[in-house]
Amino acid sequence: MTNIAYQGEIRFSRYLDAAGQPVTELPGWAESPEILVEYYRQMTLARQFDTKAIALQRTGQLGTYPSLLGSEAIDIPTASLMHGEDVLIPYYRNHAMQVMRGSDWRDVLLYWGGDERGSANPAQRQDLPNCVPIATQCLHACGVATAFRIRGEKRVAVTLCGDGATSKGDFLEALNVAGTWQLPLVFIVNNNQWAISVPRAMQCGAPTLAQKAIGAGIRGEQVDGNDVIAVHEAVALALERARGGKGPSLIEAISYRLSDHTTADDATRYRSGDELKAGWEQEPVKRLRNYLHGRGWWNEDLEQAWQTEVSKRIQQAVDDYLATPVDDPGAMFDHLYAELPPQLVAQRERVCARAETRRQQRQG
Amino acid sequence: MTNIAYQGEIRFSRYLDAAGQPVTELPGWAESPEILVEYYRQMTLARQFDTKAIALQRTGQLGTYPSLLGSEAIDIPTASLMHGEDVLIPYYRNHAMQVMRGSDWRDVLLYWGGDERGSANPAQRQDLPNCVPIATQCLHACGVATAFRIRGEKRVAVTLCGDGATSKGDFLEALNVAGTWQLPLVFIVNNNQWAISVPRAMQCGAPTLAQKAIGAGIRGEQVDGNDVIAVHEAVALALERARGGKGPSLIEAISYRLSDHTTADDATRYRSGDELKAGWEQEPVKRLRNYLHGRGWWNEDLEQAWQTEVSKRIQQAVDDYLATPVDDPGAMFDHLYAELPPQLVAQRERVCARAETRRQQRQG
Amino acid sequence: MNESITLVEAVNLALAHEMAADKDVVLLGEDIGVNGGVFRATVDLLERFGPRRVMDTPLAENLIAGLAVGLSTQGLRPVAEIQFMGFIFPVMEQIISHAARMRNRTRGRLSCPLVVRAPFGGGIHAPEHHSESTEALLAQIPGLRVVIPSSPARAYGLLLAAIRSPDPVIFLEPKRIYRAVKQPVEDNGQALPLDTCFTLREGSDITLISWGAMVKETLEAADELAQQGLSCEVIDVATLNLMDQDTLLASVGKTGRAVIVHEAPGHGGMGAEIAATLSERGLLDLQAPIARVTGYDTVMPYYRLEHHYLPRAADIVDAARQTLEFA
Amino acid sequence: MNESITLVEAVNLALAHEMAADKDVVLLGEDIGVNGGVFRATVDLLERFGPRRVMDTPLAENLIAGLAVGLSTQGLRPVAEIQFMGFIFPVMEQIISHAARMRNRTRGRLSCPLVVRAPFGGGIHAPEHHSESTEALLAQIPGLRVVIPSSPARAYGLLLAAIRSPDPVIFLEPKRIYRAVKQPVEDNGQALPLDTCFTLREGSDITLISWGAMVKETLEAADELAQQGLSCEVIDVATLNLMDQDTLLASVGKTGRAVIVHEAPGHGGMGAEIAATLSERGLLDLQAPIARVTGYDTVMPYYRLEHHYLPRAADIVDAARQTLEFA
Ligand SMILES: Cc1ncc(C[n+]2csc(CCOP(=O)(O)OP(=O)(O)O)c2C)c(N)n1
Ligand SMILES: Cc1ncc(C[n+]2csc(CCOP(=O)(O)OP(=O)(O)O)c2C)c(N)n1
Ligand SMILES: [Mg+2]
Ligand SMILES: [Mg+2]
């Protein structure tokens, strides 16, 4: 005797093709300019920032920096659709989302410039800071969502990670508890095809990463992560379901990492120029611009004006960053515990005194 | 535009119902007595051992012991179908499998009697010993299977775990790498409905545990773990596929933990008598006995003779165990490294000297 | 009247007290709900406080730690149980890389006021991996506190302090003495100070320093030495990180001699840190080398040999006598 | 002629040598294949030895460790790379509970001759979690060896020894000096002994004890002190578990004074174990307290402050002078 104990599927959706042409009927909101033009502005802003950050790194003014190039169509609608009281649990590539939710581009530069104050902006409220140890943030997201459940709040936790992260137990444990407890939580996998030098196919033998949701008993779907409309639709639905008590979702957004992994990486070592070229053909900003142009919602004049504005804003952030003096060395003790323990007072004094001595030696 | 990116299902199979009546056409081998009678012998032997071990624990002659009651129909065909050169990576409940593969019931008692020599039997060759930290053995199994792949050997690694273990990242990481690398590996989940006091439904929101295979891109199926024929069929196929280079499988065998979690547990605290009674109605030994009786392959005389034989064998193992003198305290140093490092020589001498002093004090 | 209760009952009492007093306190772990914990430390709490605040998790320690981190960033006060210290390794990434760093990382914007409880130590004839003492793995981590009670009253007061602490605390419970002694404990909500040693007995000839279950043998050794006319100061370190060095130094300043006793292997154990600090800051006071009486530098043996592994009162007496006889 | 190579090139050379010599040696890790490792330690090895022996794994450190355990029980000699020591925590359960115990658990029937390599330490302006030194977490585990080279030649010889060791070895590579100096290294397949300190410089006034990248500053301090007329013995401990106490004791027996230098936080660091052992076994020889020059007991700061965190030669000189001036 054989029964079917489970049956399911994973769907992939896309609205705009690589040229920005609709391939299907668009949702109502995409038939008017407000949201999409704003997305376009944010996406190009993010991209300009990215270019600037890489330039700063190349000139020794910033540390190792992970580019967001190619993830704009995932990050922007997601941050935009979240409510203020929701909580973002980002990974290390979601700079634009953090800024959209209260942080400042200067903070992003501070963080990657080696200064803890980059995660200290009170405007970020309870959003979690950058998370470097892969996939560990997915469990924080479950804790955050559990806090909402305990308090009976209608808030949603949103967390992101890469394709590589889906191999780490943390991600899988997180999906599992989210399903078991039906947490108000949205998981977004930015499947940009590479985890540093390891291609997607070497992470997992399944045809989609979204199907990892199946084992956890949660909704999973795949979207074209270069298509801002597809991402918007999937995220909006997932947020609505989570907020309405209908449980968590996993969204796999198919994108392409157009940059090196970080500025410390050289992707030419392990991937072909042809592949990269194909990636650029799918890229999200041009796709959206084409669509906007086609609708007459955007044009060269608007672009020029916006670019000027963007440059100004980014230059301001860079200036602020560069003008931020290095923190006092004693700061490494000041937030280790809520209060400086007496055991550490002498060490704090020592690090300050040594710094002072060296300063004087340099000057004298 | 929406495509179906993945579609799949999980099947459940059963051949004998709770009364031992076929519910479908049986496989050819189950139409003759050889294999099934041998399974019956092994299952009843295991169960007798279990009763004895619990009695030893209750009388202070054995440490905490995890009963195998209810898992006989999973363990026996699996151990029986494995080839000698395959490698078993067991969890802490697979006593009978270890014995069938070369260990001795005395070794099982030694292990649970607090003596490392219980895992030292050279007849176990490269089989791994008991694994207590939940699910960690699943990764060892991947390593073992990778060793076969590296060496081009047609051997299979077989690992088991409980339903609770499927929540731990280790299990999920193991499934994932097994799928990515198409390892010659069989995962068997003994879903006995409980992880100590936590019921299956509180581990995972999905209807089956087998569907965790889907996210890893490997075969998954569910079988009635109280039905030795269903288990045999699933394991035989999985072993054949693995040996033939067709990749790994996950088998979820639905059973019921008829005992307390271990002798240190009292399951009446957290589960109902009714549920336990229902569990006994499904139990594997009676089911098989009924089938054998129905076919005329087994009867009371055979049962009597076999029980006498079983009692003798188990008593021998118990006698051997009880006659094994406690190891020398210096033994805790002797296999820590391949050779005793000079740094530890003095410590080894000290533990022996202290033991000797105390022995003399007790006697004097 | 205060009832006499065991250490594990005191843990339960403190949890119940703080859950009643502060609705943000929530519990999570394996088998802590209906089952009340495999050692019964959380018994009745599910019934009293409901499943939103007493959460049996899926079986994954890393998950438990990660949930606690997430919960605590949102202002809750999670108290996580790890069933045995032998299964604490999967929590290390979350505790070291996140719990201990969140406040520093965000310069105080977020913090992780969480507690991880775990029973630890040998001597109860448990299976493999159920008898470890690896407190040194955690007590060396900046940003954490590691607290170990050695009596019912201290378990109650220190656990309250741990839960109320604005910083993450690892609270290790010596399971060998979970039920060894009873002591009257008043359920008055009074926390004990963290970061303080407890001087259990004053003395002048030698300082015996210990924590957890070994405090029992250490006190027995002090009794034995007293019969031999030797006066021992006995100190329960209680908080291993951040440690109260001043009390230890003052005592050794007085006695000039010290024996440190712990169950974990000696090599790299917290006894090393204490001995190093006392030698560094108090060398001139020392009249003899500081001795360490510890578990051997080997894997915890299965239970047939564990009594050979665990330090005994007689070993402490021997070490103290040698220290006292040092010219 | 022997080419002059860097430390990371010496690692590569040792791996290549041993893979050619022993077909059971296999590599696994993240980005070790086509990419040759994020620090290029495994460059060209995939090409030379093929994908069966040079395995890029899915992204999971616990997986890497568990695979290595399984592989090694079957007689292979896996060398696993953990990309940065800040990501080593997920391997702890597998390494502590299995790799370090398999031989003991089976009384020699099975064993885990594996190596876990990881770059460690600060000073390269890396992002968060890329600069940690947590060697004490591993060096306290019975059943493991923890080995740290401090020069290209020692990297080559010690790594060969680690791979050939019948027991598990954690091999920590000081990334700050991955490319700091070049040294001629002959690819002769000669392993160096494990469990032995290396005396890098003989001296009579004071013993400076260090390992890893800090050996550089320690030698600089010795130079500086030499200019002041003071003779330093400089010892690279190299193997932290099991440690060569005899060499250390003999040196301190000679000099009577010691400074221990490491980058990890002082509290609970391996400096504590060395100081405690030297004080315990060599108290009568000591003419001054043993000083520790270490990282602070705080989280490794992000890179703008890391130069304040890392001990400097001047700090070592100061500590040595204070030790020498101790009455
Ligand atoms: C636990 C851990 N292991 C290794 C690393 C080093 N590392 C940083 S990013 C990365 C690849 C991540 O790939 P993916 O998850 O696909 O995200 P992407 O960077 O492509 O967006 C690795 C291995 C890390 N940060 N954390
Ligand atoms: C890592 C780890 N955490 C906790 C435990 C304690 N423990 C032992 S068995 C068990 C439940 C296991 O349940 P399941 O996987 O369903 O297997 P079963 O015992 O039911 O066969 C737990 C929590 C452990 N052994 N290892
Ligand atoms: Mg990626
Ligand atoms: Mg179970």
Side-chain angles (χ1 to χ4, degrees), chain A residues 63-66 92 110-118 130-136 162-171 195-199 202-204 261-262 264-267 269-271 326-333 335-336 343-344 347-348 350-352 354-355 357-358 361, chain D residues 29-40 43 46 51 55-64 66 83-84 86-90 93 122 124-132 265-267 293-312 314-315 318:
Chain A
T64 301
Y65 167 80
Y92 48 80
L110 273 174
Y111 179 85
W112 297 104
D115 190 322
E116 286 83 350
R117 289 172 296 179
N130 280 317
C131 185
V132 169
I134 298 290
T136 52
D163 44 309
T166 66
S167 298
K168 195 158 175 266
D170 307 59
F171 173 79
I196 309 187
S197 72
V198 180
M202 286 172 69
Q203 290 295 339
C204 179
H261 170 67
T262 64
D265 176 49
D266 173 5
R269 281 191 197 136
Y270 52 78
R271 69 179 182 185
V326 174
D327 212 352
D328 189 81
M332 68 176 84
F333 288 99
H335 298 282
L336 191 60
Q343 292 91 334
L344 298 180
Q347 292 192 29
R348 190 185 188 289
R350 197 181 329 141
V351 75
C352 293
R354 283 182 181 169
T357 309
R358 283 198 289 263
Q361 281 168 353
Chain D
E30 296 161 6
D31 305 292
I32 65 164
V34 179
N35 198 35
V38 295
F39 285 104
R40 329 284 300 132
V43 76
L46 172 66
M55 297 172 274
D56 269 334
T57 65
L59 202 173
E61 285 73 14
N62 181 37
L63 162 69
I64 293 170
Q83 207 160 73
F84 289 88
F87 310 127
I88 210 166
F89 308 118
E93 179 162 54
I124 63 159
H125 275 208
E128 198 181 357
H129 299 286
H130 290 68
S131 302
E132 344 294 301
H267 183 85
V293 176
T294 69
Y296 296 100
D297 294 333
T298 185
V299 170
M300 183 77 197
Y302 296 4
Y303 78 76
R304 279 195 175 191
L305 294 182
E306 74 174 332
H307 60 294
H308 293 292
Y309 183 88
L310 298 172
R312 304 197 177 193
D315 304 329
D318 285 354

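Lettering of chains follows the sequences in order, A, B, ..., and the numbering in each one begins at 1.
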> A:Glu116 versus D:Glu128: any side-chain heavy-atom pair under 4.5 Å?
Replying inline: no

> Of the non-hydrogen atoms in A:Asp115 and D:Tyr302, which two are nearest, and what is the gap between them?
Replying inline: C-CD2, 3.5 Å

> Going by heavy atoms in the side chains, are D:Tyr309 and A:Val351 under 4.5 Å from each other?
Replying inline: no

> Hey, what do you get for CG (D:Asp56) to CD (A:Gln203), rounding to the nearest 0.5 Å?
Replying inline: 9.0 Å

>> With heavy-atom distances below 4.5 Å as the criterion, would you say the side chains of A:Gln347 and D:His267 are in contact?
In response: no

> Can you say whether D:Asn62 sits under 4.5 Å from chain A via the side chain, the backbone, both, or neither, judging by heavy atoms?
Replying inline: neither

> Does a side-chain heavy-atom distance below 4.5 Å link D:Thr298 with A:Leu344?
Replying inline: no

>> For A:Arg269, which atoms come within 4.5 Å of any heavy atom of chain D: side chain, backbone, both, or neither?
In response: both

> Just how far is it from atom CD1 of D:Ile32 to atom OG of A:Ser197, taken to the nearest 0.5 Å?
Replying inline: 9.5 Å

> Do you know which of D:Asp315, D:Leu63, D:Asp318 has the most heavy-atom pairs under 4.5 Å to chain A?
Replying inline: D:Asp315

> Taking C-beta and beyond as the side chain, do A:Thr64 and D:Pro127 meet within less than 4.5 Å on heavy atoms?
Replying inline: yes

> Please walk me through it: do A:Ile134 and D:Glu61 pass side chain to side chain contact (heavy atoms under 4.5 Å, CB included)?
Replying inline: CA-CA 10 Å; A:Ile134 298 290; D:Glu61 285 73 14; over 6 Å; no

> Under a 4.5 Å heavy-atom cut-off, does chain A meet the side chain of D:His129, its backbone, both or neither?
Replying inline: side chain

> Out of curiosity, D:Leu305 CG to A:Asp328 CG, how far, rounded to the nearest 0.5 Å?
Replying inline: 8.5 Å

>> Counting heavy-atom pairs closer than 4.5 Å to chain D, which one of A:Asp163, A:Thr262, A:Asn130, A:Val326 comes out on top?
In response: A:Val326

> Contact part of A:Leu336 toward chain D, heavy-atom cut-off under 4.5 Å: side chain, backbone, both or neither?
Replying inline: side chain

>> What's the separation between atom CE in D:Met55 and atom CE in A:Met202, rounded to the nearest 0.5 Å?
In response: 11.0 Å

> Which atoms of D:Tyr296 come close to chain A, meaning under 4.5 Å heavy atom to heavy atom: side chain ones, backbone ones, both, or neither?
Replying inline: both

> Does any heavy atom of chain D fall under 4.5 Å from the side chain of A:Arg350, the backbone, both, or neither of them?
Replying inline: both

> If you look at every heavy atom in D:Pro90 and A:Lys168, which pair is closest and at what distance?
Replying inline: CG-CE, 4.2 Å

>> Are the side chains of A:Ile196 and D:Val38 in contact, using a 4.5 Å heavy-atom criterion?
In response: yes

> What closest approach, in Å, do A:Tyr270 and D:Val34 show between heavy atoms, and which atom pair accounts for it?
Replying inline: CB-CG1, 3.7 Å

>> I'd like to check D:Arg312 versus A:Arg354 (side-chain heavy atoms, cut-off strictly below 4.5 Å). Are they in contact?
In response: no

>> Nearest 0.5 angstrom please: D:Asp31 CG to A:His261 NE2, how far?
In response: 8.0 Å

>> Under the criterion side chain to side chain contact (heavy atoms under 4.5 Å, CB included), I'd like the reasoning laid out for A:Val132 against D:His130: C-alpha separation, chi angles, the key distance, then a yes or no.
In response: CA-CA 9 Å; A:Val132 169; D:His130 290 68; 3.6 Å; yes

